[in-house]
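Whatever order the structure lists them in is the order used to number ligands and atoms, beginning at 1. Note that the structure is predicted; figures quoted are calculated from it, not measured. In what follows, residues are counted from 1 in the order of the sequence shown. Keep in mind that the numbers below use all heavy atoms, side chains included, and drop hydrogens, waters and symmetry copies.
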Amino acid sequence: MTLPALALSNIPFNYASLPEKAVEYVTQSLREGRLAGNGDFTKKCEAFFENEFGVARALLTSSGTHALELSAMLLGVEAGDEVILPSFSFVSTANAFLLRGAKPVFIDVRPDTLNLDETQLARLITPRTKAIVPVHYGGIPCEMDTILKIAAEHGIAVIEDNAHGLFAKYKGKYLGSFGSMAIQSFHETKNFTCGEGGALLIHHPRYQERAEILREKGTDRSKFIMNLVDRYTWQDIGSSYLLSDLLAAVLYSQLEIHEEIQKRRRAIWEYYALHLREWALEAGVEFPRIPASCESSYHIFYLVIPSPEDQPALIEHLKRQGIASAFHFPPLHLSKMGQKFGGKKGDCPVTEDLSERIVRLPLHLGLTEKDLERIVRAVREFPTNNVA
Ligand SMILES: *Cc1c(COP(=O)(O)O)cnc(C)c1O
């Protein structure tokens with residue numbers, strides 16, 4: 001199984017390196033003329049998640065965002081409800097609940113893992129809190145025991161936004177298998193991809209039947225396909241959230257070799273950690289930290305540099321050497337939309353500080369050994385303000 005590397009003169013930040021089988025499976029799908037959702041490859045992917053993760057039901061969706069929207073509908077989130085989520089996340093984590101009329105309540109992150117700071121949950125919970133949405137940033141697990149305990153004490157649902165963390169583990173258990181539901185993303189920028197796609201992992205069987213109806217435009221079409229009813233009709237609200245089987249074919253080609261893919265990602269991550277260690281110590285730069293008892297999915301390798309002025313400077317320095325790097329997430333609570341919900345400076349100080357000092361390095365299977373050497377050399381040449 002080959003995962004082609006790139007060897008370009010400019011090193012891209014991201015690149016979807018696909019196994020040869022992807023072409024074979026897509027061809028098969030095209031020849032058989034089955035391009036809609038719920039086909040053979042969709043079933044194969046869903047069975048894979050159900051078996052591997054031990055979840056009651058896995059449903060492929062047209063995106064991670066759509067899986068989040070489904071989760072919000074299934075929970076019955078409505079106007080006036082509050083949902084606690086990290087300000088340091090992608091907009092979809094908030095939007096999915098806003099679309100149901102809920103108010104986002106932004107929680108700060110811990111400086112060591114950049115995951116939501118569970119010690120602040122108690123302060124933010126109100127009688128209107130409907131859900132907590134932990135985001136496993138970069139594929140490093142949130143402190144799930146504490147989060148689940150607090151949620152259970154207050155009768156609040158937990159929805160894992162596991163867009164980054166496929167195959168990472170918290171205390172020996174896969175991320176995506178905690179709480180009531182979890183979402184995955186297969187966007188081109190994620191570890192496993194079909195361009196655009198996602199999945200909803202349902203742990204509680206009570207959501208299972210309704211989830212299939214909502215995903216199928218509010219109809220019981222999936223029962224019809226299984227010959228359980230003789231026609232399908234409008235049952236509930238819903239939308240069009242199925243993933244095309246063509247895309248499921250692309251995804252399946254990677255799930256089959258997930259161990260090999262993760263091994264390579266880990267090797268790249270560890271290369272950075274090993275070769276930048278000394279420089280980082282001297283320059284006062286921080287790395288991701290994987291807590292003991294956890295395994296990462298190695299989605300992101302980031303540097304937290306000492307001064308905010310160095311963020312654009314480092315990105316520019318790397319760019320001049322043909323290396324793409326990136327920062328993210330502008331704090332959600334300070335965005336135009338976040339301010340409409342009362343977000344203001346000082347609400348999430350760790351997020352505000354970190355988002356101005358984080359720089360992410362390329363991490364994809366298109367990277368060659370030479371690329372890695374080049375990136376490490378370029379980073380080490382960057383004079384940070386802290387260097388004596
Ligand atoms: C990528 C991502 C999503 C969902 O992305 P889609 O592009 O809709 O698949 C959700 N949350 C986080 C944290 C993400 O990074």
Side-chain angles (χ1 to χ4, degrees), residues 13-14 16 37 42 45 49 58-73 83-99 104 106-110 113-116 131-142 147 158-168 175-176 178-179 181-201 215 239-244 247-248 250-251 254-255 265 288 296-302 326-333 335 337-338 348 351 354-355 358 360 363-364:
F13 181 66
N14 198 49
T42 300
C45 292
F49 287 118
L59 296 174
L60 292 194
T61 56
S62 28
S63 67
T65 303
H66 283 165
L68 276 165
E69 288 177 20
L70 261 178
S71 78
M73 285 187 208
V83 175
I84 300 177
L85 52 101
S87 174
F88 192 65
S89 186
F90 187 57
V91 293
S92 294
T93 316
N95 266 333
F97 300 95
L98 264 59
L99 282 168
F106 298 108
I107 187 165
D108 208 355
V109 291
R110 299 162 42 139
T113 58
L114 313 201
N115 282 328
L116 73 76
I132 300 168
V133 190
V135 176
H136 304 293
Y137 178 73
I140 291 178
C142 293
I147 295 169
V158 171
I159 312 242
E160 287 177 86
D161 179 338
N162 195 31
H164 297 183
L166 187 55
F167 299 117
L175 297 186
F178 296 88
M181 285 173 253
I183 72 100
Q184 302 294 155
S185 169
F186 308 119
H187 184 261
E188 192 175 284
T189 51
K190 304 304 200 288
N191 290 14
F192 291 79
T193 181
C194 57
E196 303 277 356
L200 179 68
L201 308 182
R215 185 177 65 155
S239 194
S240 185
Y241 288 149
L242 281 156
L243 183 74
S244 162
L247 296 179
V250 176
L251 179 63
Q254 294 153 69
L255 294 179
R265 292 196 76 94
S296 177
S297 68
Y298 306 99
H299 177 53
I300 291 172
F301 190 91
Y302 64 77
F327 66 93
H328 74 166
F329 295 115
L332 290 178
H333 71 286
S335 63
M337 194 63 185
C348 300
T351 300
L354 280 166
S355 73
I358 193 167
R360 297 181 293 151
L363 207 180
H364 54 79

From [X] [atom1] over to [Y] [atom2], what is the distance, rounded to the nearest 0.5 angstrom?
X	Y	atom1	atom2	answer
Arg215	Leu70	CZ	CG	8.0 Å
Leu251	Phe49	CG	CZ	5.5 Å
Glu160	Ile132	CD	CD1	12.0 Å
Leu201	Ser71	CG	OG	11.0 Å

Of all the non-hydrogen atoms in the protein, which one sits nearest to [atom], and at what distance?
atom	value
atom 15 (O) of ligand 1	His164 NE2, 2.9 Å
atom 1 (C) of ligand 1	Lys190 NZ, 1.7 Å
atom 5 (O) of ligand 1	Ser185 OG, 3.5 Å
atom 8 (O) of ligand 1	Thr65 OG1, 2.4 Å
atom 11 (N) of ligand 1	Asp161 OD2, 2.7 Å

Exercise. Does the side-chain contact (heavy atoms from CB on, under 4.5 Å) test come out yes or no for Asn95 and Thr65, once each step is laid out?
Worked result: CA-CA 8 Å; Asn95 266 333; Thr65 303; 5.7 Å; no
Problem set entry | Backbone or side-chain N or O of Ile183 under 3.5 Å from ligand 1 N or O | no
For this session: Report yes if some N/O of Ser92 lies less than 3.5 Å from some N/O of ligand 1; otherwise report no.
Result: no
I'd like to check which ligand 1 atoms, numbered from 1 as shown, lie under 4.0 Å from a non-hydrogen atom of [X].
X	result
Gly197	9 (O)
Thr93	11 (N)
Phe90	2 (C), 3 (C), 12 (C), 13 (C), 14 (C)

For this session: Decide whether His299 and Asn191 meet the rule of one side-chain donor and one side-chain acceptor closer than 3.5 Å.
Result: yes
For this session: Take every heavy atom of Ser89, measure it against each atom of ligand 1, and state whether any distance is under 4.0 Å.
Result: yes
Exercise. Is the closest heavy atom of Ala67 to ligand 1 under 4.0 Å?
Worked result: no
Exercise. Which bit of Thr189 gets closer than 4.0 Å to ligand 1, counting heavy atoms only: side chain, backbone, both or neither?
Worked result: neither
Exercise. Parallel, tilted or perpendicular: which describes the rings of Phe88 and His328, with under 30° parallel and over 60° perpendicular?
Worked result: perpendicular
Exercise. What class does the angle between the rings of Phe90 and Phe329 fall in, given that below 30° is parallel, 30 to 60° is tilted and above 60° is perpendicular?
Worked result: tilted
Problem set entry | Ser185: partners by side chain to side chain contact (heavy atoms under 4.5 Å, CB included), with sequence neighbours left out | Ala163, His187, Lys190
